[in-house]
Amino acid sequence: MFEKNKRTELSELGEFGLIDHLTAGLPNFQPTTIKGVGDDCAVIDAGDKYLLLTTDLMAEGIHFDLVYTPLKHLGYKAAVSNFSDIYAMNGTPRQMVVSIAVSNKYSVEALEEIYAGMRLACEKYQVDLVGGDTSSSVSGMFLSISVIGDVAKEAIVYRRGASENELICVSGDLGAAYAGLLLLQREKEAFMANPQAQPDFGTYDYLLQRQLKPEARKDIIQMLYDIHIVPKCMIDISDGLASELLHLCTQSNTGCQVFEEKIPIDPVTITLANDFKISPVTFAMNGGEDYELLFTISQADYEKLKDIRDISMIGFMTDAAAGNHLVTTDRQMIPIEAQGWNHMKK
Ligand code: ADP
Ligand code: MG
């Protein structure tokens, strides 16, 4: 693909292009490897069930800014974002390992705070912290967590399982975590300009909580189980609705139509979006870190889900040739493009 001796910048590929490039054609030597790169978790045959394996790396300055991220929250979020990937396969997280590299600007007390956050997440989600690795770093902190979970074989849900006409559902509300990030960045700038300034978070507590202390939707997985629905495809929303819809559609070989007025956005998110003069739907489509679940169900299951609080039906799958579109409130069809956290692209 690339000429020898030519230097290719990471920015030419972007994050997803880079992953595809590096992992293209990887062979699996083990018959127990059921699914490798390309879903929320790798899937491993463990006899009577599937094991699920996922990992996430958080880098200081890229994924978090210590000026406004409490360390306890950081530990909590790092764990929960991994649990979310296990739920996205319809599974249950069981154990995790933690690797951490820190520069000497951190104290023992600072690391205790991170572990307090991870312990809290482990207790809430009933996951055991069973190991890890510790190193120093020249600058800043790197925190990597890997989680193992499992799922009954007949209950596993991949990104690739959708078909035409299925209903697209999303849990909770979208865009609030990104709104919280903008709010924190705005207050940081005000503080830099005038260190006496007191942060003005007004009535935006919800947005801060969504950004700093997100939850994974264990409750939704339980609810779907209770009402006997196995989604056809599923992904968690870490990079924004647009990017995740495209992952589902690409892998399922479908298109989609999503209706702007159906996308769940909290009134507080709308207020902040108005403050920033940005359309709230942009927060939902292109923000990130909501950790909600995006999935499809067959139309036959509509009745079972239609009155469930916290689930919104936002559109349907189409055939691939129809493309991926957002239908705006004034009935324009806008092609959906991923502009999520593709942080390697310029
Ligand atoms: P998620 O947002 O669900 O955590 P990612 O977008 O990080 O998923 O990753 C997409 C897929 O690419 C996953 O299957 C992941 O395991 C895989 N992946 C990501 N980075 C690498 C890498 N450096 N090498 C191999 N596989 C990777
Ligand atoms: Mg995911």
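Residues take their numbers from the sequence shown, with the count starting at 1. Order of listing sets the numbers, starting from 1, for every ligand and every atom in it.
- Residue contact check for ligand 1: L22 places no non-hydrogen atom closer than 4.0 Å to it.
- Judged purely by distance below 3.5 Å, without hydrogens or angles, the side chains of S84 and D236 pair a donor atom with an acceptor atom.
- Atom CG of L293 is separated from atom CD of E244 by 10.5 Å, given to the nearest 0.5 angstrom.
- For atom 2 (O) of ligand 1, the nearest protein heavy atom lies closer than 4.0 Å.
- Among the backbone and side-chain atoms of E244, no N/O/S atom is found under 2.8 Å from the Mg ion (ligand 2).
- Residue-level proximity to ligand 1 for V37 is carried by backbone and side chain together, each with a heavy atom below 4.0 angstrom.
- The atom of D236 nearest to the Mg ion (ligand 2) is OD1, with the search restricted to N, O or S atoms.
- Salt-bridge check for D48 with K153: failed, with every basic side-chain N at 4.0 Å or more from each acidic carboxylate O.
- Looking at D40 and the Mg ion (ligand 2) together, the shortest N, O or S contact belongs to OD1.
- Distance check for atom 16 (O) of ligand 1: every protein heavy atom is found at 4.0 Å or beyond.
- Between D128 and R94 no salt bridge is recorded (no basic side-chain N to carboxylate O distance below 4.0 Å).
- Using a distance-only test at 3.5 Å, with no hydrogens or angles considered, no donor-acceptor pair links the side chain of D39 to the main chain of C41.
- The Mg ion (ligand 2) sits nearest to atom OD1 when only the N, O or S atoms of D85 are considered.
- Of all the listed residues (D40, N82, T54, D85), D85 holds the heavy atom that lies closest to atom 4 (O) of ligand 1.
- Between E15 and ligand 1, no N or O atom pair is found at a separation short of 3.5 Å.
- Any N or O atom pair closer than 3.5 Å counts here, and D239 shares no such pair with ligand 1.
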Residue pair Y204, E187: steps toward the side-chain hydrogen bond (donor to acceptor under 3.5 Å, both in side chains) verdict
CA-CA 12 Å; Y204 292 134; E187 294 310 314; over 6 Å; no
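- Checking N90 against Y158 by side-chain atom types alone, no donor-acceptor pair falls below 3.5 Å.
- With a 4.0 Å cut-off on non-hydrogen atoms, R159 touches ligand 1 through its side chain and not its backbone.
- For atom 22 (C) of ligand 1, the nearest protein heavy atom lies 4.0 Å or farther away.
- Here is the list of ligand 1 atoms found below 4.0 Å of a heavy atom in G38: 11 (C), 13 (C), 14 (O).
- Of all protein heavy atoms, the one closest to atom 25 (C) of ligand 1 is T23 CG2, 3.5 Å.
- If you look at T55 next to ligand 1, there are no close heavy atoms at all, none under 4.0 Å.
- For F64 and H73, the ring centers are positioned 6.0 Å apart or more.
- The distance from ligand 1 to the heavy atoms of F16 drops below 4.0 Å at these ligand atoms: 6 (O).
- Here R210 does not pair with E289 in a salt bridge; the nearest charged N to carboxylate O distance is not below 4.0 Å.
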